[in-house]
Protein chains: 2
Amino acid sequence: MGIQKTLKAIGDPTRREILDLLKSGEKTAGEIGQNFEATGATISHHLSVLKNAGLILDEKKGKYIYYELNMTVFEEILSWVTAFTGGNKDE
Amino acid sequence: MGIQKTLKAIGDPTRREILDLLKSGEKTAGEIGQNFEATGATISHHLSVLKNAGLILDEKKGKYIYYELNMTVFEEILSWVTAFTGGNKDE
DNA sequence: ATAACATTTAGACAATTATCTAAATATTTC
DNA sequence: GAAATATTTAGATAATTGTCTAAATGTTAT
């Protein structure tokens, strides 16, 4: 997937807030959107960027789409950072 | 300084390459620039963004300006990531 | 002092991005 | 099947960003 998209994705404050919300468990697009003043379309766009960056996963359940964090990709970010701080992770 | 500037700064590939170059020790703006096709002005701009984000420090030595990594801020990024991965940042 | 060198700053431009409104798609309920 | 609900997609626009050239600043050497 590449670290570029991922690091770019977390550079936006709205998207980081979405990630923070998902810390407490999966949520629908609507539930996420309720925490912001932006329109649903805008939140949908951010969700799309996060998904495309691998940071979140989506699962369709009937009328709703549930989003949740994808820990795997957070580990990749961790690897990138620890390559600087010295604490050695894979690669 | 705030994590926003920092995460935004590492979202650009040229800037990440600059950070990678500095892993092996401090370098002048000119030395850094030699690794890219971009003009000196462009590299200078990226150095300015990185410095403003706290990721690098600069020290003027006569005719040259030396840049080096600022580990402190990398630790901040690490904290942000580990808040997701559940890893304990206090140990 | 003047020239040469190292780097930044200023101003301009094109590409990218965040946001909006309106329309489209998909699912459930009546 | 039509209406209601949840979410995305399309198209437009304004703000941000990466890059360039040209000019400015600061330093060293002649």
Side-chain angles (χ1 to χ4, degrees), chain A residues 1-22 25-70 77, chain B residues 1-22 24-70 73 77:
Chain A
M1 184 89 42
I3 198 89
Q4 170 59 27
K5 277 185 189 172
T6 306
L7 294 182
K8 201 110 184 242
I10 63 174
D12 180 84
T14 299
R15 287 195 288 265
R16 282 201 308 283
E17 207 170 330
I18 291 175
L19 294 175
D20 280 336
L21 285 168
L22 293 177
E26 64 174 20
K27 289 185 175 49
T28 69
E31 286 171 338
I32 293 167
Q34 284 170 359
N35 297 273
F36 301 91
E37 305 220 319
T39 65
T42 294
I43 299 305
S44 180
H45 165 251
H46 284 306
L47 288 170
S48 158
V49 172
L50 287 170
K51 186 182 160 187
N52 204 245
L55 284 159
I56 59 175
L57 304 169
D58 62 343
E59 186 188 359
K60 194 161 190 174
K61 284 184 187 168
K63 192 156 70 164
Y64 304 92
I65 300 178
Y66 283 83
Y67 286 95
E68 65 180 341
L69 296 179
N70 180 17
I77 306 176
Chain B
M1 187 86 47
I3 198 86
Q4 170 59 26
K5 278 186 189 174
T6 306
L7 294 182
K8 201 114 185 236
I10 63 174
D12 179 84
T14 300
R15 287 195 287 265
R16 284 201 308 284
E17 207 171 329
I18 291 174
L19 293 175
D20 280 336
L21 284 169
L22 293 177
S24 58
E26 63 174 19
K27 290 186 175 47
T28 69
E31 284 171 339
I32 292 167
Q34 285 171 358
N35 297 273
F36 301 91
E37 305 220 320
T39 65
T42 294
I43 299 305
S44 179
H45 166 252
H46 284 306
L47 288 171
S48 157
V49 172
L50 288 171
K51 185 182 159 187
N52 204 245
L55 285 158
I56 58 175
L57 303 169
D58 63 342
E59 185 188 358
K60 194 161 190 174
K61 283 184 188 170
K63 193 155 73 164
Y64 303 92
I65 300 177
Y66 283 84
Y67 286 96
E68 65 181 340
L69 296 179
N70 179 18
V73 173
I77 307 176

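Labels below follow one simple rule: chain letters A, B, ... track the order of the sequence lines, proteins then strands, and each chain is numbered from 1.
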Just to be sure I understand the rule, does [X] reach a base, reach only the sugar-phosphate, or reach nothing, if contact means heavy atoms closer than 4.0 Å?
{"X": "A:A41", "result": "base"}
{"X": "B:K8", "result": "sugar-phosphate"}
{"X": "B:G62", "result": "sugar-phosphate"}
{"X": "B:G40", "result": "base"}

Does the [X] side chain pair with the main chain of [Y], one donor and one acceptor, at a distance under 3.5 Å?
{"X": "B:E68", "Y": "B:D58", "answer": "no"}
{"X": "A:D12", "Y": "A:A9", "answer": "no"}
{"X": "B:N70", "Y": "B:G54", "answer": "yes"}

Looking only at the side chain of [X] (C-beta and beyond, no hydrogens), which of the listed nucleotides [options] gets closest?
{"X": "B:A29", "options": "D:dT9, C:dT8, D:dT16", "answer": "C:dT8"}
{"X": "A:H45", "options": "D:dT19, C:dT7, C:dT19", "answer": "C:dT19"}
{"X": "B:T14", "options": "C:dA10, D:dT19, C:dT7", "answer": "D:dT19"}
{"X": "B:Y67", "options": "C:dA18, C:dT8, D:dT8", "answer": "C:dT8"}
{"X": "A:K60", "options": "C:dT27, C:dC20, D:dT28", "answer": "C:dT27"}
{"X": "A:T42", "options": "D:dA6, C:dT19, D:dT28", "answer": "C:dT19"}
{"X": "B:I65", "options": "C:dA18, D:dT8, C:dT8", "answer": "C:dT8"}
{"X": "A:Y64", "options": "D:dT19, C:dA18, D:dT7", "answer": "D:dT7"}

May I ask you to evaluate whether [X] reaches the phosphate of [N], defined as a side-chain N or O under 4.0 Å from OP1 or OP2?
{"X": "A:T28", "N": "D:dT7", "answer": "yes"}
{"X": "A:T39", "N": "C:dC20", "answer": "yes"}
{"X": "B:K63", "N": "D:dA29", "answer": "no"}

Taking atom [atom2] of [N] as reference, at what distance in whole Å does atom [atom1] of [X] sit?
{"X": "A:I43", "N": "C:dT21", "atom1": "CD1", "atom2": "P", "answer": "13 Å"}
{"X": "B:H46", "N": "D:dC20", "atom1": "NE2", "atom2": "C1'", "answer": "12 Å"}
{"X": "B:F36", "N": "D:dG18", "atom1": "CZ", "atom2": "P", "answer": "14 Å"}
{"X": "B:I18", "N": "C:dT7", "atom1": "CD1", "atom2": "P", "answer": "13 Å"}
{"X": "A:D58", "N": "D:dA6", "atom1": "CG", "atom2": "P", "answer": "18 Å"}
{"X": "B:L47", "N": "C:dT7", "atom1": "CG", "atom2": "P", "answer": "9 Å"}
{"X": "A:Q34", "N": "D:dT5", "atom1": "CD", "atom2": "P", "answer": "14 Å"}
{"X": "B:I32", "N": "C:dT8", "atom1": "CD1", "atom2": "P", "answer": "9 Å"}

Taking C-beta and beyond as the side chain, do A:I3 and B:R16 meet within less than 4.5 Å on heavy atoms? yes

Margin query: Just so I know, are the side chains of B:N35 and B:I43 near enough to count as touching, which here means a heavy-atom distance under 4.5 Å?
Written below: no

When A:K61 and A:A38 are each assigned the nearest nucleotide of DNA chain C, the 5'-most assignment goes to A:A38

Criterion side chain to side chain contact (heavy atoms under 4.5 Å, CB included) on A:R15 and A:L55, from CA distance to verdict:
CA-CA 10 Å; A:R15 287 195 288 265; A:L55 284 159; over 6 Å; no

